[in-house]
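In what follows, chains carry the letters A, B, and so on, assigned in the order in which the sequence lines appear, proteins first and then strands, with residues in each chain numbered from 1.
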Amino acid sequence: VFISNSLVRLYAKSGSLHDARQVFDDISVRNVVSWTTMITAYAQAGLGETALSLYGQMELEMDPNAVTFVSALKACAIVGALDKGKKIHNKIIQDAVVLDVVLETALIDMYGKCGSVAEAWSVFNQMSSRNVVSWNAMIACCAQNGNEEVSLELFQQMREEDVEPDMVTYVSVLNACSGTGALSVGKFVHSCIISGGYELDCIVGNALIDMYAKCQSSECARQVFDSMLVRD
RNA sequence: CCCAUAUCUAA
C-alpha cells in the first residue's frame with residue numbers, strides 16, 4: 001500500500017491523473033493516505049468537484065484525518081462551495097481534530113475564496129501560531145474580496161511581528177497596490193523586495209511592472225523590465 | 001527527512 005500510495009502521488013505530480021487513478025483503483029486495501037493522496041491529486045490539479053466527490057465516497061468507508069480535511073477544504077475553495085466547507089469545519093470541531101497551522105490556513109483560504117471574510121478573520125485571529133503562509137493567505141483573502149487597504153495593513157503588521165515576507169507575499173501585496181493605485185506603498189514594497197533579494201525573480205518582476213504600470217509610472221515599469229534577467 | 005496536506009500570478 002505504501003508503494004502504491006507513492007505511485008499515485010508520483011503520477012499525479014507528473015500530470016498523469018488517469019494513471020494515478022488507475023493505481024488508486026487497483027489498491028485492494030486502501031488506507032487513509034491512499035484516499036487522501038488521490039483527493040489531493042485532484043485538488044492540486046484544480047478539479048475541485050472531482051476531489052469532493054471522491055471525498056464523499058471516502059466518508060462512506062473510513063474517517064478522514066487532518067490531512068484529508070486540508071485537501072477537501074482546498075477543493076471547496078476551488079469551486080466556491082461555502083456550505084460544504086462549513087460542514088467540514090464543523091466536522092473538524094466535532095471530531096476534536098487538532099488544528100495545526102496548515103489546517104488553519106486551509107480554512108482561511110477556503111473562507112476567503114468563498115467570500116466569507118469574517119469567518120476567515122475568525123480563524124486567523126484564533127490561530128495559535130502564524131507562519132508566512134498563514135499571513136499570505138489572509139492578505140490574499142482581503143485582496144480578493146476588495147479590501148486591498150487591509151491587505152497592505154496586514155503586510156505592515158506581519159513585518160512588525162518579525163515574520164519574513166516571501167515572494168508570494170510580495171506578489172499579493174503588489175497586486176493590492178496595483179488595484180488601488182498605491183504608488184508610494186508600491187515603491188516601499190519594491191525597496192523591501194530588493195532588501196530581501198527577490199528582485200530578480202520573474203514573477204515578482206512581472207508584479208512590479210504591473211504595479212508601476214497601473215500606478216501610472218511607466219518609467220519605473222520600464223526600468224524594472226530592463227533590469228530583469230529572466231523574462232516570460 | 002520520515003507513504004499524503006495549506007498561500008500569490010498579467011490580458
Inset, instruction - Run the salt-bridge test on A/R222 and A/D226 with the 4.0 Å N-O cut-off and return the result as yes or no. - result: yes

Inset, instruction - Could you tell me whether the side chain of A/D100 has a donor or acceptor atom within less than 3.5 Å of a complementary atom in the base of B/rA6? - result: no

Inset, instruction - Tell me what A/S172 touches on the nucleic acid: a base, only sugar-phosphate, or nothing, going by heavy atoms under 4.0 Å. - result: sugar-phosphate

Inset, instruction - From the options A/D232, A/V171, A/V224, select the one residue that forms a side-chain contact (heavy atoms from CB on, under 4.5 Å) with A/N206. - result: A/D232

Inset, instruction - Assign A/T37 to base, sugar-phosphate, or nothing according to its heavy-atom contacts below 4.0 angstrom with the strands shown. - result: sugar-phosphate

Legend entry - Phosphate contact (B/rA4 OP1 or OP2) by A/K13 side-chain N/O below 4.0 Å: no

Inset, instruction - Compare side-chain N and O positions of A/K214 against OP1 and OP2 of B/rA11 and report whether any pair is under 4.0 Å apart. - result: yes

Legend entry - Separation of atom CD1 in A/I39 from atom P in B/rC3, rounded to whole Å: 19 Å

Inset, instruction - Write down the distance between CD1 (A/I88) and C1' (B/rA6), rounded to a whole number of angstrom. - result: 14 Å

Inset, instruction - Using a heavy-atom cut-off of under 4.0 Å over every strand shown, decide if A/D201 touches base, sugar-phosphate, or nothing. - result: nothing

Inset, instruction - Taking only heavy atoms on the protein side, list every residue of residues 156-171 of chain A lying under 4.0 Å from any atom of RNA chain B, sorted numerically. - result: A/V168, A/V171

Legend entry - Side chains of A/T68 and A/N65, donor plus acceptor under 3.5 Å: yes

Inset, instruction - Using whole Å, report how far NZ of A/K74 lies from P of B/rA6. - result: 5 Å

Review item, side-chain donor-acceptor pairs of residues 191-202 of chain A, under 3.5 Å, at least two apart:
from, atom 1, to, atom 2, distance (Å)
A/S191, OG, A/F188, O, 2.5
A/S195, OG, A/S191, O, 2.8
A/D201, OD2, A/I203, N, 3.0
A/D201, OD2, A/V204, N, 3.0

Legend entry - Among B/rC8, B/rA6, B/rA4, the one nearest A/T105 by side-chain distance: B/rA6

Inset, instruction - Would you kindly give the OH-to-P distance between A/Y11 and B/rA4, to the nearest whole Å? - result: 17 Å

Inset, instruction - Would you kindly give the CD1-to-C1' distance between A/I209 and B/rU9, to the nearest whole Å? - result: 13 Å

Legend entry - B/rC1 versus B/rU5 - spacing of their P atoms, nearest Å: 12 Å

Inset, instruction - State whether a side-chain donor-acceptor pair under 3.5 Å links A/N136 with A/T169. - result: yes

Legend entry - Between B/rU5 (P) and A/W35 (CH2): distance, integer Å: 18 Å

Inset, instruction - Kindly indicate whether the side chain of A/N65 and the base of B/rA4 share any N or O donor-acceptor pair separated by less than 3.5 Å? - result: yes

Legend entry - Side chains of A/T40 and A/R9 in contact at under 4.5 Å (non-hydrogen atoms): no

Inset, instruction - May I ask you to check whether over 12 heavy atoms, not counting those of A/D26, lie within 6.0 Å of atom CG? - result: yes

Inset, instruction - Would you indicate what A/A207 reaches in the nucleic acid, counting non-hydrogen atoms under 4.0 angstrom: base, sugar-phosphate, or nothing? - result: nothing

Inset, instruction - In whole angstrom, give me the gap between the P atoms of B/rC2 and B/rA6. - result: 15 Å

Inset, instruction - Would you confirm whether A/N145, through its side chain, and A/C141, through its main-chain N or O, come within 3.5 Å as a donor-acceptor pair? - result: yes

Legend entry - A/M58 CE - B/rA4 C1' separation (whole Å): 10 Å

Inset, instruction - Just compare B/rC8, B/rC3, B/rA6 and give me whichever is closest to any side-chain atom of A/F2. - result: B/rC3

Legend entry - Sugar-phosphate, base or nothing in reach of A/N206, heavy atoms under 4.0 Å: nothing

Inset, instruction - Mind calculating the distance between CD1 (A/I92) and C1' (B/rA6) to the nearest angstrom? - result: 12 Å

Legend entry - B/rA4 phosphate, OP1 or OP2, under 4.0 Å from A/Q44 side-chain N/O: no

